Novice: 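Sharing a structure with you now.
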Number of protein chains: 2
Amino acid sequence: MSVKTGKRGRPSQLSAERIVECAKAMQVKTGKIPSIRALSAELEVDPMAIYHYFRNKSALLEAVCLSLIEAIHNPQGEDWRAEIVALSQSYLTLLSTHPGLLETLLSMTGTGPAQVFIERYERALRPLVLPQETLNQSRDLLVDYLHGYALAMQGSQGALTIELLDGPLSFWMRALEREAAEA
Amino acid sequence: MSVKTGKRGRPSQLSAERIVECAKAMQVKTGKIPSIRALSAELEVDPMAIYHYFRNKSALLEAVCLSLIEAIHNPQGEDWRAEIVALSQSYLTLLSTHPGLLETLLSMTGTGPAQVFIERYERALRPLVLPQETLNQSRDLLVDYLHGYALAMQGSQGALTIELLDGPLSFWMRALEREAAEA
DNA sequence: TTTAAAAACTCTACGGCGTAGAATAATTCG
DNA sequence: CGAATTATTCTACGCCGTAGAGTTTTTAAA
């Protein structure tokens, strides 16, 4: 945690980044979150060394989550459908590539991936004129749908694919479109 | 597991039902799934006794899930909106009353709560004339939304309520209504 | 009445987990 | 050289699920 960057003291072979990257790599490779012991073995270090950089395992997992944010599509254009599809797909890909992080992600209070998704969702829908309430309702529906589907994907190993997002998502977009047409 | 009901052998103080009921009660009380050790302590029995009735812990949790099915609303009427609301609310209540069972539930292949929800969903929407594809899309959207929201509820301890289901659900129902009007 | 079979349950133990707390190692500054 | 500072390791505790062998309690056959 509080790692001083001054030159005094024993030099470090480890770093928060190295730990996070290693944890991420192991998770992608094995499909599940590594134990602290397995992680430290991979880093060729004592398990307790991890705790010099992270308060506890949960703090480490939050750091992993934060490092994933950059993989979320950042909408810039005015084609809201295309942006929503790209946004949803990138988010779902992220979630399904890193199973087991969902709980951590949802318990994060600050600027986690979920929060970032919501911000970019709102940016993507800027071209649409809609009452705030409708915007909120559709947002909650979409966000929690994605979380739920990601959970289902990790439950039924491999049977579900990212492509199956398309159907429900197009239903959702039609709905939004009609709401906009009415306003 | 394979519990013979014949009269031979030592009589049993335990039963699969008693174990399941106790596990359920402890889970509702503490908000999390009990360990086998804690469960067996409550039952005043050796931990390994549980394994006479269940192959492993996961099988026990599946049994708990099965016992929850009866709490799911069973639509009989023709007012599809009312039925969907009741169905969704009962399902979400179930999920939020029994946190930690979501993963088990989603990994169940046979007739689990999720499967039953889907059957009753289809029954509820019988009055509506809709293409099968639309029916599937909206179903997946709703089911996974509910799972995602349940997960969010258990993540952010107590901050989210069942009432917050109303907004997204009404958006979803408006969408379905418009799809039906168009057909 | 003894005995064997059967069923229900207990005992002991293993290997895993997260992590607390004390000890040690390696560096820099006075 | 010694003291301070930082990084890392060592040892140990209390959880967890559960394998495998042993024990208790019953019924049915000999």
Side-chain angles (χ1 to χ4, degrees), chain A residues 1-24 26-27 29-65 99-101 103-104 107-108, chain B residues 1-24 26-27 29-65 99-101 103-104 107-108:
Chain A
M1 45 259 222
S2 62
V3 181
K4 307 289 189 299
T5 50
K7 325 181 156 52
R8 273 173 81 104
R10 180 173 172 174
S12 59
Q13 34 174 338
L14 224 47
S15 73
E17 287 75 32
R18 218 161 78 75
I19 296 169
V20 165
E21 287 311 310
C22 187
K24 225 185 333 183
M26 290 181 77
Q27 204 225 346
K29 177 174 291 179
T30 68
K32 55 200 183 94
I33 293 176
S35 69
I36 293 289
R37 286 166 144 98
L39 176 58
S40 66
E42 189 78 14
L43 289 163
E44 293 180 294
V45 109
D46 185 90
M48 292 310 290
I50 309 280
Y51 291 90
H52 191 67
Y53 297 87
F54 298 99
R55 204 165 85 260
N56 51 36
K57 185 170 188 178
S58 155
L60 163 57
L61 295 184
E62 291 200 13
V64 172
C65 284
L101 251 45
E103 282 85 344
T104 302
S107 70
M108 289 175 70
Chain B
M1 41 260 226
S2 63
V3 181
K4 308 288 189 300
T5 50
K7 326 182 152 55
R8 273 172 82 105
R10 179 176 172 174
S12 59
Q13 33 175 341
L14 225 45
S15 72
E17 288 74 32
R18 220 162 76 75
I19 295 169
V20 165
E21 286 311 309
C22 187
K24 224 185 335 183
M26 290 180 77
Q27 205 226 343
K29 177 174 291 182
T30 69
K32 55 201 183 94
I33 294 175
S35 68
I36 294 289
R37 287 166 144 98
L39 175 59
S40 66
E42 190 79 14
L43 289 163
E44 292 179 297
V45 107
D46 185 271
M48 292 309 292
I50 310 280
Y51 291 91
H52 191 67
Y53 295 88
F54 298 98
R55 205 165 83 263
N56 49 37
K57 185 168 188 178
S58 156
L60 163 57
L61 295 184
E62 290 200 14
V64 172
C65 283
L101 251 46
E103 282 85 344
T104 301
S107 69
M108 289 176 71

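Note that the coordinates shown come from a computational prediction; the quantities given were computed from them, not determined experimentally. A, B, ... follow the sequence lines: proteins, then strands. Residue 1 opens every chain.
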Novice: Does a nitrogen or oxygen in the side chain of B:His52 sit under 4.0 Å from OP1 or OP2 of C:dC9?
Specialist: no
Novice: Could you grab the distance from atom NE2 of B:His52 to atom CG of B:Asp46, nearest 0.5 Å is fine?
Specialist: 13.0 Å
Novice: Looking only at side-chain atoms of A:Tyr51, point me to the closest of D:dT9, C:dC9, C:dG18.
Specialist: C:dG18
Novice: Once you round it to whole Å, what is the distance between C1' of C:dA25 and CE of A:Met48?
Specialist: 17 Å
Novice: The side chain of B:Arg10 is closest to which nucleotide in this list: D:dA7, C:dA8, C:dT19?
Specialist: C:dA8
Novice: Can you tell me the distance, in whole Å, between the NZ atom of B:Lys32 and the C1' atom of D:dC15?
Specialist: 11 Å
Novice: Go through C:dC17, C:dT10, D:dT9 for me and flag the one nearest to the A:Lys57 side chain.
Specialist: C:dC17
Novice: Expressed as a whole number of angstroms, how long is the span from A:Leu14:CG to C:dT27:P?
Specialist: 16 Å
Novice: Given atom CZ of B:Phe54 and atom P of D:dA19, what is their separation to the nearest angstrom?
Specialist: 16 Å
Novice: State whether B:Tyr53 places a side-chain N or O below 4.0 Å from either non-bridging phosphate oxygen (OP1 or OP2) of C:dC9.
Specialist: yes
Novice: Mapping B:Asn56 and A:Ile50 onto DNA chain D by nearest heavy atom, which one lands closer to the 5' end?
Specialist: A:Ile50
Novice: Looking only at atom types and distance, does a side-chain atom of A:Glu62 sit under 3.5 Å from a main-chain N or O of A:Thr104, one as donor and one as acceptor?
Specialist: no
Novice: For the atom pair OG (A:Ser40) and CD1 (A:Ile50), what is the distance rounded to the nearest 0.5 Å?
Specialist: 5.5 Å
Novice: Starting from the 5' end of DNA chain C, give me the residue, B:Ser12 or B:Arg37, whose nearest nucleotide shows up first.
Specialist: B:Ser12
Novice: Can you tell whether the side chains of B:Arg18 and B:Glu21 come within less than 4.0 Å, N to carboxylate O?
Specialist: no
Novice: Is there a donor-acceptor contact under 3.5 Å from the side chain of A:Gln27 to the main chain of A:Pro34?
Specialist: no
Novice: Of the options C:dT19, C:dT10, C:dC9, whose atoms approach the side-chain atoms of B:Asp46 most closely?
Specialist: C:dT10
Novice: For the base of D:dT26, is there a side-chain donor-acceptor partner from B:Arg8 under 3.5 Å away?
Specialist: no
Novice: With respect to the side chain of B:Ser35, which nucleotide from C:dT19, D:dG17, D:dT9 is positioned closest?
Specialist: D:dG17
Novice: Rounding to an integer number of Å, can you tell me how far A:Arg55 CZ sits from C:dA20 P?
Specialist: 10 Å
Novice: Consider the side chain of A:Pro11, meaning its heavy atoms from C-beta on, and name the nucleotide among C:dC9, D:dT9, C:dA26 that approaches it most closely.
Specialist: C:dA26
Novice: What is the distance, rounded to the nearest whole Å, between atom CZ of A:Arg18 and atom P of D:dT8?
Specialist: 9 Å
